[in-house]
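Shown next, in structure tokens, is the structure this report addresses.
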Protein chains: 2
Amino acid sequence: MTSDNDNPIDLRLLEPGETQDAATKAAVFAAAERLFAEQGFQNVSVRDITTEAGVNLAAVNYHFGSKDALLFEIFRRRTAELNRQRARMLHEAHARHDGRPPAREVLEALFAPPLHWSALDHPRRLSLQFIIRARGEGTEAMREALRNDVSYLARFADALAQARPDLAREEVYWRLHFCLGLIHNSQPAEFDRLNVLSGGLTQESDVEALLARMLDFAVAGFLA
Amino acid sequence: MTSDNDNPIDLRLLEPGETQDAATKAAVFAAAERLFAEQGFQNVSVRDITTEAGVNLAAVNYHFGSKDALLFEIFRRRTAELNRQRARMLHEAHARHDGRPPAREVLEALFAPPLHWSALDHPRRLSLQFIIRARGEGTEAMREALRNDVSYLARFADALAQARPDLAREEVYWRLHFCLGLIHNSQPAEFDRLNVLSGGLTQESDVEALLARMLDFAVAGFLA
DNA sequence: AGGGAAGACGAACGTTTGTTTGATCCCGAA
DNA sequence: TTCGGGATCAAACAAACGTTCGTCTTCCCT
């Protein structure tokens, strides 16, 4: 049981009908998430997954129906967890400031969960890479889910609009879009290039420092 | 001959050895760029390309060697053109300000070329999507090229460091990285989500307004 | 102890993939 | 006109793909 593996709590929490222990299912899920995150969706075959998980080839279709359904299941579970953490942090920021949190704390609720996931020793490190990948190379079902599930983003837009009531609503959306771009750019390949450019000066492994840097940049940009 | 097609000047400019007119080669190039940009690299087969181009299946391997070589050829040609435009704008900004351009004009040299390409009626609109795609789902050769070709980025970092001499060099690199993230986020899928979120309030088709918005945000973030 | 459903298994299915082959066409040079 | 070589063509290639099929195995329930 490595740190990347699922705990059974997650499995039962999101699928109430699941009564089986399904160790094989969890192994497939964990192996698929890791391989997909590292190599991309189309570059990983069902045989790669089942070999990595040490289970039979037919396990994917038996437990998840199809390769695409497995992909979507991973995507759905991880995005739900990430958005839950963001919503909770935003809620706490509201509670701390009588419903009108400053822009910095709103953006922190947006940035902190994914940035913490990106830490080298975090159990959800590969989940974040998976989600970021889904944005560009995901199934049509994934992209449709990303497109339509904007309810949690709307709450961030509302909070940001409250923090800068003089700003046109349209502008709030654009700047929120820019802030999200900062997160989606937190990919290993981008960090590698940054390291080459800076001659190893930049340390993306220091997550807290990166979060502070990103917040400085984003807050200044949003309040411009 | 649609607007997306290559002109023969490009072909001869980058491959001096080319003596053949090669209308078929240009048709394959144009069809491949469009399909790859729209559907992703792995979701487009050689048969899709040759059918779209109206040529024989073997044309890809005959003219480019392999599917991957064709991909890399498109990538190499388009990134070279984009970086050339950026370098030229940066050079002009230097010329206008005695070698010390303000941050806004440096960032404009970084943002303007890709943003102009993203305009609906621009002949390089799909080229930009292709380049952005290459960042996440590209071949290992592409990602290595992206990682190692930082020479043109170094000049932007130098110019930005001159505009804010008090800023630690390390910080300059980080904020340049953040600025690049704004560009990479200019994908159709992201714009779609933004439109859903804002209820159609945001108009990404107004490229000049978007460039101004992005510059406001990035300059404030960089000077924070 | 026995019955039965769920799970795991090896093996094969039919497609689709990128690539290669050898014949044929076309057109400029001799 | 004849020759020759680059360009195009239909056809086939082996490999890899996702999925499905029967058949064992396992283990809980009565």
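Quick note on labels: first sequence line is chain A, next is B, and so on, each numbered from 1.
With sequence neighbours excluded, the residues that form a side-chain hydrogen bond (donor to acceptor under 3.5 Å, both in side chains) with B/His116 are B/Glu208.
D/dC17 atom C1' lies 11 Å from atom CD of A/Gln42, rounded to whole Å. Taking atom OH of residue A/Tyr62 and atom P of nucleotide C/dA6, one finds them 7 Å apart after rounding to whole Å. For the pair B/Phe36 CZ and C/dG18 C1', the computed distance is 12 Å after rounding to whole Å. We find that CG of B/Leu71 is positioned 15 Å from P of C/dT17, with the value rounded to whole Å.
Within the nucleic acid shown, A/Ala59 has no heavy atom closer than 4.0 Å to any nucleic acid atom. The residue B/Val55 sits close only to the backbone: its heavy atoms come under 4.0 Å of sugar-phosphate atoms, none of a base.
Residues A/Asp48 and A/Gly65 each lie close to DNA chain D; by heavy-atom proximity, the contact nearer the 5' end of the strand is made by A/Asp48.
When distances run from any side-chain atom of A/Arg47 to the nucleotides C/dG10, C/dA12, D/dA11, the shortest one goes to C/dA12. The side chain of B/Val46 has C/dT19 as its nearest neighbour among C/dT19, D/dC17, D/dA10. Picking from C/dA8, C/dT20, C/dA11 the nucleotide with the shortest atom distance to the side chain of A/Thr24 gives C/dA8. Side-chain proximity of B/Ala58 to the nucleotides C/dA11, C/dT20, C/dT19 is greatest for C/dT20.
Between A/Arg213 and A/Asp206 there is no salt bridge, since no side-chain N of the basic residue sits under 4.0 Å from a carboxylate O of the acidic one.
Residues A/Glu204 and A/Asn195 bring a donor and an acceptor atom of their side chains to less than 3.5 Å of each other.
Here A/His63 and A/Phe29 keep their ring centres 6.0 angstrom or further from each other.
In terms of phosphate contacts, B/Ser45 brings a side-chain nitrogen or oxygen within less than 4.0 Å of OP1 or OP2 of C/dT17. Using a 4.0 Å cut-off, some side-chain N or O of A/His63 falls inside it from OP1 or OP2 of C/dA8.
Evaluation of atom-type donor-acceptor distances gives a pair under 3.5 Å for the side chain of A/Asn56 against the base of C/dG10.
Atom CG of A/Asp192 sits about 11.5 Å away from atom CD of B/Glu144, to the nearest 0.5 Å.
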